[in-house]
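Have a look at this one.
Remember, it's a predicted structure, so these values are computed and weren't measured experimentally. Residue indices begin at 1 and follow the sequence shown. Read the numbers this way: they start at 1 and go in the same order the structure lists the ligands and their atoms.
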Amino acid sequence: MTRLFNDPAAFADEALEGFAAAHRGWVRPVTGGVVRAAGTPAGQVAVVVGGGSGHYPAFSGLVGRGLAHGAAVGNVFASPSAQQIRSVARFASGGAGVLLMYGNYAGDVLHFGQAAERLAGDGIEARTFAVTDDISSAAPEESAKRRGIAGDLPVFKTAAAAAEEGLPLDEVVRVAEHANARTRSFGIAFSGCTLPGADHPLFTVPEARMAVGLGIHGEPGIGEESLPTADEAARLMVAALLKELPEDVDTPAGRRAAVILNGLGSVKYEELFVVYRKVAALLGDAGVDIVDPEVGELVTSFDMAGVSLTLTWLDDRLEQLWRAPADTPAYRKGAPVAQEPAAEAVPFVEDIDDTRVPAATEESRASAAHVLAALNALAGTVDTHADELGRIDAVAGDGDHGIGMRRGSTAALRAAVRAHDLGAGAGTVLVHAADAWADKAGGTSGALWGTILRSLGTRLGDQDAPTATAVARGVSDASDAVRRLGGAEVGDKTMVDVLVPFADSLAEAAAEGGLLTEAWQRAALAAEQAAAATADLLPRKGRARPHAEKSLGTPDAGAHSLALITRAVHGVLPAHPLDQH
Ligand SMILES: Nc1ncnc2c1ncn2[C@@H]1O[C@H](COP(=O)(O)OP(=O)(O)O)[C@@H](O)[C@H]1O
Ligand SMILES: O=C(COP(=O)(O)O)[C@@H](O)CO
């Protein structure tokens, strides 16, 4: 249970504020997260890590000398937005490029990827790297699809130590790749976490049972067993990791390994030590030399009861980087160094200002009022159904779909009203709404809804009043862009299962002529049917993919929310052609 909070929606921001206030010697708050208080030395590659809140000390606690140069911090269990990441990276950049590092989750992959593209536009070379250490989350032949858990630490740390040595970006990336290929984790859990403001846990594990391989957001595991003793838990985790050695490690005997026994939130230190005692003995029996082990909380999930074991199989180079000094709020190694308080917040760079509004015609400005009505209806239906969306998402996802959609749609509406008041046309109103949605919501749906609204806005532009055909084309553009960005196709059990038939049916109906509202009505029906049909599908993308049977019988959350939105928007479309006011 998370008991101490104010407004649950403000939890992540308030936690970050307090964290920064408590660690002024190490970090400086900037838009989107934190950077090192002392800045990045000129000419050094900056390692910017990030992910959702709720996993402390990942990710803000790992910022400081010898480790990350900055951390982009998202909402609870949702990736930071591309805009947040871009902002942190701009503040952290030391002029030699930026390596963006995160765990392999759909939302993070989308937002960090977009941030890297935008940084290139800012003249900052940026590369991305997703950590994939959790061996329960995909089979060895699909290791690139694995999630990142406590293996984040050794992969971030070795790459950052290479950056600290002054190596160029390409070489820092090579170290990250090598460390990731040599890092494997395996976890078990006994109970789920309860998010701030929630009155029940996000997921549960039956009494006296243990979920094997359960993810840090409750992603389905690979099995369930009776509650083990501490020694049995150690045996299970060590055996799993020794069974899956990296390709270039033929036997554990005589090898050196960094070992992390990570507590996920409510397993306390003495319990961890009892387990570690057996882990060390078993690894010793297998002939493994343990190097600088860590036993403690390094990647958590609020009050989740569980532990994970991570091994990084070292060679001389990785060992040198693993053992290099580090000094961050949550992770210190080597001789202590006195911290200087941060200089008062003088921005290293200008904050990003994307609020300008280009000139628009009278017609387009008048149509912007219809766009506002549509966004208002959208935000209204999301608000009404937020709890239901969360419940659906919790079946096989992380339960935050309603929260994220509410946060995004509210921010989008607010930005749209502001742009409209500044005299924006329909296209610009949508583009501002798109950016606000992606920025404030983060997560997978934030990136995808940002893309949907931006595609539509770009197609409508600020010159002509939108016709049914232009709207249908904009929706088709959105459908193409979402598929391109997320890589999902129809049948994968995502919002794409609704977006594609909605776009196709709208295009078909619009081509027959008539009013947008009539065409939209047909398309909304197609969307509702397609959303309901996702209940029969097995997910092939996103969090719910591994061991997906759990979601059979429940529709996809993103597909359902899209169908609800198409219906709500239909209710406010004008009963006359948009270009004839
Ligand atoms: N690759 C993808 N392409 C399109 N849609 C996706 C993809 N992955 C996930 N989704 C959609 O995103 C929804 C989850 O959104 P959200 O709650 O923001 O996710 P998360 O918490 O994983 O960031 C899913 O229900 C699904 O419809
Ligand atoms: O949950 C996280 C990000 O994944 P999403 O796919 O955006 O939900 C985050 O906590 C781990 O980085």
*Ring centroid separation for Phe129 and Tyr102, is it under 6.0 angstrom?*
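No: the rings miss the under 6.0 Å criterion.
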*Numbered atoms of ligand 1 (with element) below 4.0 Å of Gly443, judged on heavy atoms*: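 The list of qualifying atoms is 23 (O).
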_Using a 3.5 Å cut-off on N or O atoms only, is Asp400 in polar contact with ligand 2?_
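So ligand 2 has no N or O lying under 3.5 Å from an N or O of Asp400.
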*Classify the contact between Ile216 and ligand 2 as side chain, backbone, both or neither, using a heavy-atom distance cut-off of under 4.0 Å.*
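No part of Ile216 comes within reach of ligand 2.
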*Near Arg473 CZ, under 6.0 Å, is it more than 12 heavy atoms from other residues, nucleotides or ligands?*
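Counting neighbours around CZ of Arg473, 12 or fewer heavy atoms of other residues, nucleotides or ligands fall under 6.0 Å, so no.
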_Regarding Glu388 and His560, do their side chains bring together a donor and an acceptor under 3.5 Å, going by distance alone?_
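Yes, His560 and Glu388 have a side-chain donor paired with an acceptor closer than 3.5 Å.
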*What do we get for Asp398 next to ligand 1 when only non-hydrogen atoms under 4.0 Å count, side chain, backbone, both or neither?*
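Near ligand 1, Asp398 shows its side chain, while the N, CA, C and O stay back.
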_Exam field: side chain Arg184 to backbone Glu244, donor-acceptor pair closer than 3.5 Å_ =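 Between the backbone of Glu244 and the side chain of Arg184 there is a qualifying donor-acceptor contact (under 3.5 Å).
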_Looking at non-hydrogen atoms alone, which of Asp393, Val76, Thr444, Asp556 comes nearest to atom 19 (O) of ligand 1?_
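Nearest option to atom 19 (O) of ligand 1, by heavy atoms: Thr444.
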*Proximity winner for atom 12 (O) of ligand 2, if only heavy atoms of Asn75, Ile149, Asp108 are counted*: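 Among Asn75, Ile149, Asp108, the closest heavy atom to atom 12 (O) of ligand 2 belongs to Asp108.
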*Nearest non-hydrogen atom to atom 6 (C) of ligand 1 belongs to which of Asp497, Leu389, Leu448?*
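Residue with the shortest heavy-atom distance to the ligand atom: Leu448.
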*For Asp400, the ligand 1 atoms whose distance to one of its heavy atoms is below 4.0 Å*: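 Taking each heavy atom of Asp400 in turn, ligand 1 has 17 (O), 21 (O) under 4.0 Å.
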*Should Gly103 be listed as contacting ligand 2, given a heavy-atom distance under 4.0 Å as the test?*
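Per 4.0 Å heavy-atom rule, Gly103 does not contact ligand 2.
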*With atoms numbered from 1 as shown, which atoms in ligand 1 lie under 4.0 angstrom from a non-hydrogen atom of His401?*
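It comes down to these atoms of ligand 1: 14 (C), 15 (O), 16 (P), 17 (O).
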*Tell me whether the centres of the aromatic rings in Phe203 and His217 are closer together than 6.0 Å.*
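No, the ring of Phe203 stays outside the 6.0 Å limit from the ring of His217, centre to centre.
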*Report yes if Val482 has an N/O atom closer than 3.5 Å to an N/O atom of ligand 1; otherwise report no.*
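Val482 vs ligand 1: no N/O contact under 3.5 Å.
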*asked:* Checking the N or O distance criterion of under 3.5 Å, is ligand 1 in contact with Met495?
replied: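 Looking only at distances, the answer is yes, because the N/O contact criterion of under 3.5 Å is met.
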*With a 4.0 Å cut-off, would you call Lys268 and Glu297 a salt bridge?*
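Answer for the salt bridge query: yes.
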*asked:* Counting only nitrogen or oxygen atoms and a 3.5 angstrom limit, does Gly107 reach ligand 1?
replied: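 There is no such contact.
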_Per-atom contacts of ligand 2 with Gly52, taking only distances under 4.0 Å to non-hydrogen atoms_ =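 So the atoms of ligand 2 that pass are 9 (C), 10 (O), 11 (C), 12 (O).
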_Tyr105-ligand 2 polar pair, N/O distance under 3.5 Å_ =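 No - when backbone and side-chain N and O of Tyr105 are compared with those of ligand 2, no distance drops under 3.5 Å.
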*So how far is it from Phe112 CZ to Ser79 OG, rounded to the nearest 0.5 Å?*
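Phe112 atom CZ to Ser79 atom OG measures 7.5 Å (nearest 0.5 Å).
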*Considering only heavy atoms of Thr444, which atoms of ligand 2 have at least one such atom less than 4.0 Å away?*
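Near Thr444, meaning under 4.0 Å from one of its heavy atoms, ligand 2 has 6 (O), 7 (O).
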*Would a distance-only check, ignoring hydrogens and angles, find a side-chain to backbone donor-acceptor pair under 3.5 Å from Arg406 to His401?*
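Pair absent, no side-chain N/O of Arg406 close to backbone of His401.
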*ligand 2 versus His55, non-hydrogen atoms closer than 4.0 Å: side chain, backbone, both, neither?*
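For His55, only side-chain atoms sit under 4.0 Å from ligand 2.
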*asked:* Taking Glu219 first and then Arg146, would you say they form a salt bridge - that is, a charged N and a carboxylate O separated by under 4.0 Å?
replied: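 Salt bridge flag = no for Arg146 with Glu219.
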*Member of Ile565, Leu564, Ile392 meeting the side chain to side chain contact (heavy atoms under 4.5 Å, CB included) criterion with His385*: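 Only one of Ile565, Leu564, Ile392 forms a side chain to side chain contact (heavy atoms under 4.5 Å, CB included) with His385, namely Leu564.
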_Steps toward ring-ring contact (aromatic ring centres under 6.0 Å, His included) verdict (Phe19, Trp26)_ = CA-CA 10 Å; Phe19 161 77; Trp26 286 267; 9.3 Å; no
*Return the option from Thr494, Thr534, Thr451 holding the heavy atom at the smallest distance from atom 7 (C) of ligand 1.*
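Ranked by closest heavy atom to atom 7 (C) of ligand 1, first place is Thr494.
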_Could you report the tightest heavy-atom contact between Val47 and Met101, atom names first, then the distance?_
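Val47 and Met101 have their closest heavy atoms at CG1-SD, 3.7 Å.
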*Has the side chain of Ser409 got a donor or acceptor atom that lies under 3.5 Å from a matching backbone atom of Met405?*
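Such a contact is found between Ser409 side chain and Met405 backbone.
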*Looking at Asp398, which atoms of ligand 2 are within less than 4.0 Å of one of its heavy atoms?*
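With Asp398 as reference, the close atoms of ligand 2 come out as 8 (O).
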*Give yes if a backbone or side-chain nitrogen or oxygen of Phe59 is under 3.5 Å from a nitrogen or oxygen of ligand 2, and no if not.*
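No.
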*Looking only at distance, does Gly107 have an N or O less than 3.5 Å from an N or O of ligand 2?*
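Gly107 vs ligand 2: N/O contact under 3.5 Å present.
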*Can Asp477 and Arg459 be counted as an ion pair, charged N to O under 4.0 angstrom?*
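Result for this pair is yes, salt bridge flagged.
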_Test of ring centre spacing under 6.0 Å for His55 and Phe302_ =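 Centroid distance His55-Phe302: not below 6.0 Å, so no.
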*Does ligand 2 have an atom under 4.0 Å from some heavy atom of Tyr102?*
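It does not; every heavy atom stays at 4.0 Å or beyond.
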*For ligand 1, does Asp492 get within less than 4.0 Å through its side chain, its backbone, both, or neither, judged by non-hydrogen atoms?*
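Neither; no heavy atom under 4.0 Å.
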*Please could you name the atoms of ligand 2 that Ala106 approaches to less than 4.0 Å, counting only its heavy atoms?*
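Taking each heavy atom of Ala106 in turn, ligand 2 has 6 (O) under 4.0 Å.
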*Is there any N or O on Ser79 that sits under 3.5 Å from an N or O of ligand 2?*
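Looking only at distances, the answer is yes, because the N/O contact criterion of under 3.5 Å is met.
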